[in-house]
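One structure is given below, encoded as structure tokens.
Just so it is clear, the values below take in all heavy atoms, side chains as well, and ignore hydrogens, waters and symmetry mates.
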Amino acid sequence: MTFIDRFSAVQLDVLKEVGNIGAGHAATALSYLLERKIGMFVPSVQLADFDEVVELSGSAEEVVVSVFLKIEGDAPGGMFFILSPPQAESFVRIMTGDASFTIHNPKSMGIGVSALKELGNILAGSYLTALSDLTQLTLYPSVPSLNIDMAGAILSFGLLELSLVSDQGIVIETCLTDPSNETKESVEGHFFLFPDPDSYDTLFKALGVSAYD
């Protein structure tokens, strides 16, 4: 039995509930920032190893937009938020109101980078706040970094350090909606949380759920 196989449906439900609480916090923060109602929810939560993470991102050769942050505090690790370029552009358009924004226009990328980093900050901060509130652990994110490259290259570089201590992560599917947008388009991405191995035990003990049931 692998480490991932030891996770029960109850533990995954706990992780999904944390994800939904975090999504609620993020939606509130984005709504305040944009001065209009933003919806966010978590359709699914699953456990995945590094190869599966790359597959969920599309493929190793597929170009993606990634925001990476380190987790500091009582349960250290790392996190990625990964979007396809069209989804990243949709988010920046929602956030800036610029319907013509494209990541292929160097002149507008400064605004795009700032918006996407802010999204990473809000998501990471919201999820970690949800975990902290439920566990009473101290958790906080580092300054985010943004990359646009092939998924395999981004994840290989970002996971190199983490792979020394962990080989699996929590995948939180995230969907953001703007009800005021006439096109009703949504922004869908994957949020990957990679706690260090000892951090899983720390998190589940704090939540009152054994990591090895």
Side-chain angles (χ1 to χ4, degrees), residues 3-4 6-33 38 40-42 44-50 53 66-83 114-147 154-155 157-174 176 189-213:
F3 186 89
I4 292 176
R6 293 174 179 170
F7 281 81
S8 69
V10 171
Q11 291 155 354
L12 289 176
D13 283 345
V14 170
L15 292 174
K16 184 172 182 179
E17 181 61 21
V18 170
N20 274 312
I21 292 171
H25 291 332
T28 299
L30 284 169
S31 297
Y32 179 79
L33 180 68
I38 296 294
M40 188 174 289
F41 64 97
V42 174
S44 69
V45 173
Q46 60 182 299
L47 275 293
D49 61 30
F50 288 172
V53 166
S66 168
V67 180
F68 174 74
L69 309 95
K70 286 187 176 181
I71 305 169
E72 312 285 353
D74 295 331
M79 54 178 65
F80 289 88
F81 185 64
I82 293 183
L83 297 158
S114 296
L116 290 166
K117 283 185 176 181
E118 185 62 21
L119 173 63
N121 259 333
I122 289 172
L123 282 174
S126 297
Y127 287 132
L128 293 183
T129 295
L131 269 175
S132 294
D133 288 346
L134 289 174
T135 62
Q136 301 302 303
L137 298 173
T138 299
L139 303 167
Y140 52 93
S142 70
V143 175
S145 61
L146 185 136
N147 286 291
I154 287 177
L155 292 168
F157 178 79
L159 296 176
L160 181 61
E161 182 179 345
L162 293 175
S163 67
L164 299 176
V165 293
S166 179
D167 63 354
Q168 68 287 307
I170 301 165
V171 182
I172 304 172
E173 187 179 349
T174 303
L176 180 150
H190 287 96
F191 190 79
F192 301 107
L193 177 62
F194 289 93
D196 293 352
D198 290 344
S199 296
Y200 277 107
D201 197 33
T202 300
L203 289 170
F204 280 121
K205 280 184 177 178
L207 289 167
V209 181
S210 171
Y212 299 98
D213 283 344

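Ring geometry for Phe194 versus Phe80: interplanar angle over 60°, hence perpendicular rather than tilted (30 to 60°).
Contacts classified as side chain to side chain donor-acceptor pair (under 3.5 Å) and involving residues 124-139 (residues at least two apart or in different chains) are given here: Tyr127-Thr174.
Considering all non-hydrogen atoms of both residues, Pro141 and Leu69 come closest at CB-CD2, 3.8 Å. Closest heavy-atom contact between Ala130 and Gly22: CB-N, 3.7 Å. Of all heavy-atom pairs spanning Met79 and Phe68, the tightest one is O-CD1, 3.2 Å.
Partners of His190 by ring pair (Phe, Tyr, Trp, His ring centres under 6.0 Å), not counting sequence neighbours, listed by chain and number: Phe192. By the side chain to side chain contact (heavy atoms under 4.5 Å, CB included) test, Ser31 pairs with Ile38, sequence neighbours left out. Among residues two or more places apart in sequence or in another chain, the side chain to side chain contact (heavy atoms under 4.5 Å, CB included) test is passed with Ala29 by Ile122. When the side chain to side chain donor-acceptor pair (under 3.5 Å) test is applied to Ser66, no partner is found at least two apart in sequence or on another chain. Annotation: side chain to side chain contact (heavy atoms under 4.5 Å, CB included) contacts of Ser199 (sequence neighbours excluded): Ala75, Pro76, Pro195, Asp196.
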inquiry  = For Thr202 and Leu137: C-alpha separation, side-chain torsions, deciding distance, then whether side chain to side chain contact (heavy atoms under 4.5 Å, CB included) applies.
reply    = CA-CA 9 Å; Thr202 300; Leu137 298 173; 3.8 Å; yes
inquiry  = The test is side chain to side chain contact (heavy atoms under 4.5 Å, CB included); show your working for Leu134 and Ile21 and say whether it passes.
reply    = CA-CA 10 Å; Leu134 289 174; Ile21 292 171; 4.0 Å; yes
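The shortest side-chain heavy-atom distance between Leu123 and Val67 does not fall under the 4.5 Å cut-off.
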